[in-house]
K.L.:
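I have a structure here, written as structure tokens, and I will follow up with some questions on it.
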Amino acid sequence: MSFKALWITETADGKIERNIIERNIDDLPPGEVLIRVQYSALNYKDALSATGNKGVTKKYPHTPGIDAAGIVELSRHEDFGTGEEILVTGYDLGMNTAGGFGQFIRVPAAWIIKKPTSYSLRELMTIGTAGLTAATALHKMELLGLNPTQGPIVVTGSTGGVGSLAVSILSTAGYEVIAVSGKQQAWEYLQHLGAGRMENREWVNDTSGKPLLKPQWAGAIDTVGGNTLVTLLKGCKLEGCVASTGLVGSPKLETTVFPFILNGVSLIGVGSAEMPIETKRIIWDKLSNEWNIKDKLNAIGKEVSLEDLNTTYIDSILRGNSMGRIVVNLNL
Ligand SMILES: NC(=O)c1ccc[n+]([C@@H]2O[C@H](COP(=O)([O-])OP(=O)(O)OC[C@H]3O[C@@H](n4cnc5c(N)ncnc54)[C@H](OP(=O)(O)O)[C@@H]3O)[C@@H](O)[C@H]2O)c1
């Protein structure tokens, strides 16, 4: 049986090409569960994989897509039956295992989560890895004692995937959110997601050389890295916490220890792809209950075809122009 997939190839002279081709199910990697993908979504990492980044995908040809939601077509594992609705995010999906930018995937049962009842498959992919990452950041911050009375939380890259979900989850959880964005026109969107205030990127790009700044926020969820992350640490209140989730600005972190040893600030890491499946279930459970953001998802998700993903949206996310989540409907 054949199916449609985005196919990234590397030519003999090292050039990367992207095409949509027909593949055969027999050519998928071995695995316990064959899934008919209904929706996927575009993450920054997928765009890197689709443009030949060897840090993400070592070997081509390849189909990216670290997120997939769909229906079990065939299962050799007792936990999952034909016709069941499920989702997969992270692990090796879309990295070096054929991913969600194809109409079928085959994966180990240990990567699969049963569909939470409160969301549709499309809504699950609007949240996807981005939402799992943002929610995990807040989960870890709250384990350290953070609560809404301690002050505002800064979200950087706030119109992007992780950022939009972070603003939505934080505001649903009762936090005051300061959304940092490079997009002047984004205020109405961010306000709808629950931001109380918007600042530009320079506001968290301190170049004074001071080791500490006036404490202004109780915490931050950062997608940018580099001097933005350094600034977030310097301006964090006593005993606050800053979660590092991304590197769209820079992978570097050149800081002093003063925020840690004088202000007791904690720096938290989030790596949602390799998180144990039990932790992923806990986070999806929170997203289904006290952090339910169903009412924000229509504004965040834009549904596109595999063809549009290929011609427009992969390049757009790499230029930093993306707003919200690009949700791929594999049936269009
Ligand atoms: N740790 C994890 O498990 C995990 C999971 C998912 C993603 N990530 C990482 O998180 C980051 C964001 O991913 P995403 O999928 O949300 O990407 P995205 O949708 O492209 O969002 C990134 C946002 O960052 C801002 N931005 C872009 N370039 C910038 C620059 N040079 N300096 C400052 N801000 C910039 C833009 O928002 P504004 O215009 O609003 O500023 C952009 O929309 C990526 O580095 C990704 O690899 C990590």
Side-chain angles (χ1 to χ4, degrees), residues 40-51 53 55-56 64-67 89-91 93-95 125-140 154-169 177-191 193 195 198-205 220-232 242-253 267-276 279-280 283 300-302 309 313-328:
S40 181
L42 178 63
N43 296 280
Y44 193 77
K45 208 189 223 177
D46 299 318
L48 294 178
S49 170
T51 49
N53 186 307
V56 178
I66 64 171
D67 285 344
T89 65
Y91 301 119
L93 186 71
M95 304 269 287
M125 286 294 94
T126 307
I127 299 173
T129 285
L132 188 70
T133 303
T136 303
L138 180 57
H139 175 67
K140 288 188 156 188
V154 178
V155 175
T156 56
S158 63
T159 66
V162 176
S164 296
L165 271 308
V167 172
S168 305
I169 295 164
V177 181
I178 305 175
V180 174
S181 177
K183 300 185 184 83
Q184 299 286 325
Q185 73 285 9
W187 173 234
E188 209 180 309
Y189 170 73
L190 291 167
Q191 199 178 24
L193 301 188
M198 177 175 155
E199 295 287 348
N200 65 34
R201 292 179 189 171
E202 282 311 301
W203 188 68
V204 281
N205 182 26
I221 297 181
D222 177 52
T223 62
V224 177
N227 195 50
T228 301
L229 180 53
V230 173
T231 306
L232 291 169
V242 176
S244 165
T245 72
L247 44 68
V248 289
S250 165
K252 287 200 176 142
L253 180 58
L267 176 58
I268 295 167
V270 178
S272 65
E274 291 299 332
M275 254 168 24
T279 313
K280 290 188 185 183
I283 303 295
I300 297 174
K302 179 183 168 75
L309 175 81
Y313 294 100
I314 288 171
D315 298 320
S316 160
I317 200 170
L318 287 174
R319 286 195 301 268
N321 291 341
S322 197
M323 285 264 284
R325 292 271 290 163
I326 301 303
V327 178
V328 186

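Quick caveat: nothing in here was measured; it's all calculated off a predicted structure. Read the numbers this way: they start at 1 and go in the same order the structure lists the ligands and their atoms.
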K.L.:
So is Ala130 close enough to ligand 1, meaning a heavy atom under 4.0 angstrom away?
P.N.:
no

K.L.:
Provide, to 0.1 Å, the distance between atom 9 (C) of ligand 1 and the closest protein heavy atom, together with that atom's residue and name.
P.N.:
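Here the nearest protein heavy atom works out to Thr245 O, 3.4 Å.
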
K.L.:
Among protein heavy atoms, which sits nearest to atom 7 (C) of ligand 1, and what does the distance come to when rounded to 0.1 Å?
P.N.:
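Answer, as residue, atom name and distance: Val162 CG2, 3.6 Å.
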
K.L.:
Before signing off on this row, confirm whether Leu42 and ligand 1 have an N or O atom pair separated by under 3.5 Å.
P.N.:
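No; every N/O pair is 3.5 Å or more apart.
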
K.L.:
Provide the number and element of each atom of ligand 1 under 4.0 Å from a heavy atom of Thr159.
P.N.:
37 (O), 38 (P), 39 (O), 40 (O), 43 (O)

K.L.:
For atom 3 (O) of ligand 1, what's the nearest protein heavy-atom neighbour? Residue, atom name and distance, please.
P.N.:
Ser272 N, 2.7 Å

K.L.:
Which protein heavy atom lies closest to atom 1 (N) of ligand 1, and at what distance to 0.1 Å?
P.N.:
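Protein heavy atom with the smallest distance to atom 1 (N) of ligand 1: Val270 O, 2.7 Å.
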
K.L.:
Using a strict 4.0 Å cut-off to heavy atoms of Gly271, name the atoms of ligand 1 that fall inside it.
P.N.:
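Reading through ligand 1 atom by atom, the close ones are 3 (O).
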
K.L.:
Is the number of heavy atoms from other residues, nucleotides or ligands under 6.0 Å of Lys183 NZ greater than 12?
P.N.:
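Enclosed: over 12 neighbouring heavy atoms sit under 6.0 Å from NZ of Lys183.
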
K.L.:
Any idea which atoms of ligand 1 are less than 4.0 Å away from a heavy-atom of Thr129?
P.N.:
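So the atoms of ligand 1 that pass are 5 (C), 6 (C).
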
K.L.:
How close does the nearest protein non-hydrogen atom get to atom 30 (C) of ligand 1, and which residue and atom is it?
P.N.:
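So the nearest neighbour among protein heavy atoms is Arg201 NH1, 3.7 Å.
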
K.L.:
Hey, does Ser322 sit under 4.0 Å from ligand 1 if you only count heavy atoms?
P.N.:
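Ser322: in contact with ligand 1 (<4.0 Å).
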
K.L.:
Does the side chain of Asp46 come within less than 4.5 Å of Ile317's, by heavy atoms?
P.N.:
no

K.L.:
Provide, to 0.1 Å, the distance between atom 19 (O) of ligand 1 and the closest protein heavy atom, together with that atom's residue and name.
P.N.:
Gly161 N, 2.8 Å

K.L.:
Yes or no: does Lys183 have any heavy atom under 4.0 Å from an atom of ligand 1?
P.N.:
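Heavy atoms of Lys183 do come under 4.0 Å of ligand 1.
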
K.L.:
Of the protein's non-hydrogen atoms, which lies at the shortest distance from atom 47 (O) of ligand 1, and what is that distance?
P.N.:
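It is Tyr44 CD2, 3.8 Å.
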
